[in-house]
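To start, the structure under review is shown below, and the notes come after it.
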Amino acid sequence: MILVFGGTTEGKKVAKFLEKEALPYFYSTKTEIEFDKGEFGNYRFGAFSVAELIAFCQEKKIDTIIHASHPFAEILHQTIAEASSFLSIPVIRFERQYPAKNSSKEVIYVKNYKEAIAYLNAEKIEKLLALTGVQTIEKLESYWKKNNTYFRILPRESSLAIAEKAGFPKENLILEFPSDDLNHEIEILKKHNCQAVITKESGESGFLSTKIEAAKICKIPIVIIERVLLSNSFLLASNEADLFNFMALKK
């Protein structure tokens, strides 16, 4: 049995692949979503502790984990690494595509939010568009409490609740899904007279290239939080061919 960690575009691709190959699997997400289980899938949701993941794998006889969740799911990365090591089962990381990392005066990669805030303050950025997600409102609190900041978050009640709990001004929320519409991204930046953008290194599934291009056209800097390094025990797959080869080895 295979356990897939999804909730992403990559997760959907993995599920579609497993259905095509007629391989039984569990599809897991942190929060409940609508998921088409197909003929061979099972669905569950909820965060795992290391002990809970080990118990689940033992109970369901999981012999392979396909990790296709978000690149910034740091706790999950660690949980999977520890549990799989204990169980001695392989983890296939189905990785998304990333644009080439070309740092410049306008494209600034930083390791964390502390470095990002230091840059914004040093450059005297007073109007910012934040595309890092609702979960990062608290991480940028020291900045947005002193500077005009617009946060784009998903148009969901759960996202609004998190923003409200953090005390972020509701009038500065942009409720919409990210997209690859370059003109729309430019329009947002111009509408709010933004002096900079902050986002995460979320790859092409997160439309990173579009965000970079929009900032360049508007002639403003874009600050990018670098993705975390994954366990070197994970087997990296970036397409269906890689998955097929790993599954063939498993057989």
Side-chain angles (χ1 to χ4, degrees), residues 1-48 50 53-54 56-57 60-101 133 135 177-178 180 199-210 224-251:
M1 182 66 79
I2 298 165
L3 173 58
V4 179
F5 286 96
T8 58
T9 299
E10 290 72 31
K12 292 177 183 177
K13 289 180 181 178
V14 170
K16 185 177 180 180
F17 168 82
L18 296 176
E19 287 289 332
K20 185 173 69 175
E21 296 296 320
L23 293 170
Y25 64 97
F26 278 90
Y27 191 88
S28 177
T29 60
K30 184 177 180 180
T31 56
E32 188 174 10
I33 62 169
E34 290 186 13
F35 177 71
D36 181 2
K37 294 185 291 186
E39 185 179 352
F40 300 97
N42 301 276
Y43 176 65
R44 56 85 54 200
F45 67 93
F48 280 117
V50 174
L53 180 53
I54 290 171
F56 181 89
C57 290
K60 304 298 182 183
K61 295 181 170 50
I62 302 297
D63 57 18
T64 302
I65 293 174
I66 302 180
H67 181 14
S69 67
H70 198 278
F72 282 82
E74 297 179 44
I75 295 175
L76 179 58
H77 297 331
Q78 186 63 32
T79 299
I80 292 173
E82 292 184 25
S84 62
S85 176
F86 179 86
L87 294 165
S88 296
I89 59 177
V91 177
I92 300 169
R93 171 60 178 173
F94 193 69
E95 191 63 284
R96 56 183 61 184
Q97 299 298 311
Y98 294 91
K101 188 184 289 187
Q135 299 287 354
F177 290 97
D180 61 353
T199 190
K200 295 187 288 193
E201 191 184 6
S202 52
E204 299 300 21
S205 297
F207 311 114
L208 180 57
S209 290
T210 303
I224 303 171
I225 308 292
E226 293 178 320
R227 67 188 190 274
V228 295
L229 295 176
L230 298 173
S231 170
N232 56 17
S233 66
F234 293 175
L235 305 170
L236 295 182
S238 57
N239 51 50
E240 285 193 10
D242 291 342
L243 273 181
F244 181 86
N245 290 334
F246 282 130
M247 292 295 103
L249 290 172
K250 190 171 95 67
K251 292 177 182 178

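Values in this document were obtained by computation on a predicted structure and should not be read as measured data. Numbers for residues simply follow the sequence, beginning at 1.
Checked by atom type, the side-chain pair Y43/T29 shows a donor-acceptor distance below 3.5 Å.
The distance from atom NE2 of H67 to atom OG1 of T79, rounded to the nearest 0.5 Å, is 9.5 Å. Here the CZ atom belonging to F72 is positioned 7.5 Å from the CD atom belonging to E74, to the nearest 0.5 angstrom. Atom CZ of F26 is separated from atom CG of L18 by 13.0 Å, given to the nearest 0.5 angstrom. To the nearest 0.5 Å, atoms CD (E10) and CZ (R96) are separated by 4.5 Å. Separating the CG atom in L3 from the CE atom in M1 is a distance of 10.0 Å, to the nearest 0.5 Å. Going from atom CD1 of I75 over to atom OG of S69 covers 11.5 Å, rounded to the nearest 0.5 Å.
Residues R44 and F56 meet the side-chain proximity criterion, which asks for heavy atoms closer than 4.5 Å. Within the 4.5 Å cutoff, no side-chain heavy atoms of E21 are placed close to those of F40. Using a 4.5 Å heavy-atom threshold, the side chains of I80 and F234 count as touching. Taking the side chain as every heavy atom from C-beta outward, P90 and F246 never approach each other to under 4.5 Å. Taking 4.5 Å as the limit, some side-chain heavy atom of H70 sits within range of a side-chain heavy atom of K200. Put simply, the side chain of I2 does not reach to within 4.5 Å of the side chain of V14, judged on heavy atoms. Residues E82 and L53 have side chains not in contact (no heavy-atom distance under 4.5 Å, counting atoms from C-beta outward).
Considering every non-hydrogen atom in both P99 and S209, the closest pair reads CB-OG, 3.4 Å. For the pair P71 and V228, the tightest heavy-atom approach, listed with the atom from each and the gap, is O-CG2, 3.6 Å. Y98 and S202 make their closest contact through CE2-C, 3.9 Å (heavy atoms, listed as atom of the first residue, atom of the second, distance). Scanning all heavy atoms of the two residues, the minimum distance from G7 to Y27 falls at N-OH, 2.8 Å. Closest of all the heavy-atom pairs between R227 and E201 is NH1-OE2, 2.6 Å. Contact detail for S231 and S233: the closest heavy-atom pair is OG-OG, 2.7 Å.
When each of K13, K20, K16 is paired with E240, the side chain to side chain donor-acceptor pair (under 3.5 Å) condition holds for K20 and for no other.
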request  = Go through the steps to decide whether I66 and Y25 satisfy the test side chain to side chain contact (heavy atoms under 4.5 Å, CB included), and finish with yes or no.
outcome  = CA-CA 10 Å; I66 302 180; Y25 64 97; over 6 Å; no
request  = Give the intermediate values and the outcome of side chain to side chain contact (heavy atoms under 4.5 Å, CB included) for residues I62 and L87.
outcome  = CA-CA 10 Å; I62 302 297; L87 294 165; over 6 Å; no
task = Starting from the C-alpha separation in whole Å, work towards a yes-or-no answer on side chain to side chain contact (heavy atoms under 4.5 Å, CB included) for Q97 and S238.
result = CA-CA 7 Å; Q97 299 298 311; S238 57; 3.5 Å; yes
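Listed by chain and residue number, K101 satisfy the salt bridge (Lys or Arg N to Asp or Glu O under 4.0 Å) test with E226 (two or more places apart in sequence, or in another chain).
Between the side chain of R93 and the backbone N or O of L236, no donor-acceptor pair lies under 3.5 Å.
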Scan the side chains in residues 31-39 for donor-acceptor partners under 3.5 Å anywhere in the protein, sequence neighbours excluded, and list what turns up.
residue	atom	partner	partner atom	Å
D36	OD1	G38	N	3.1

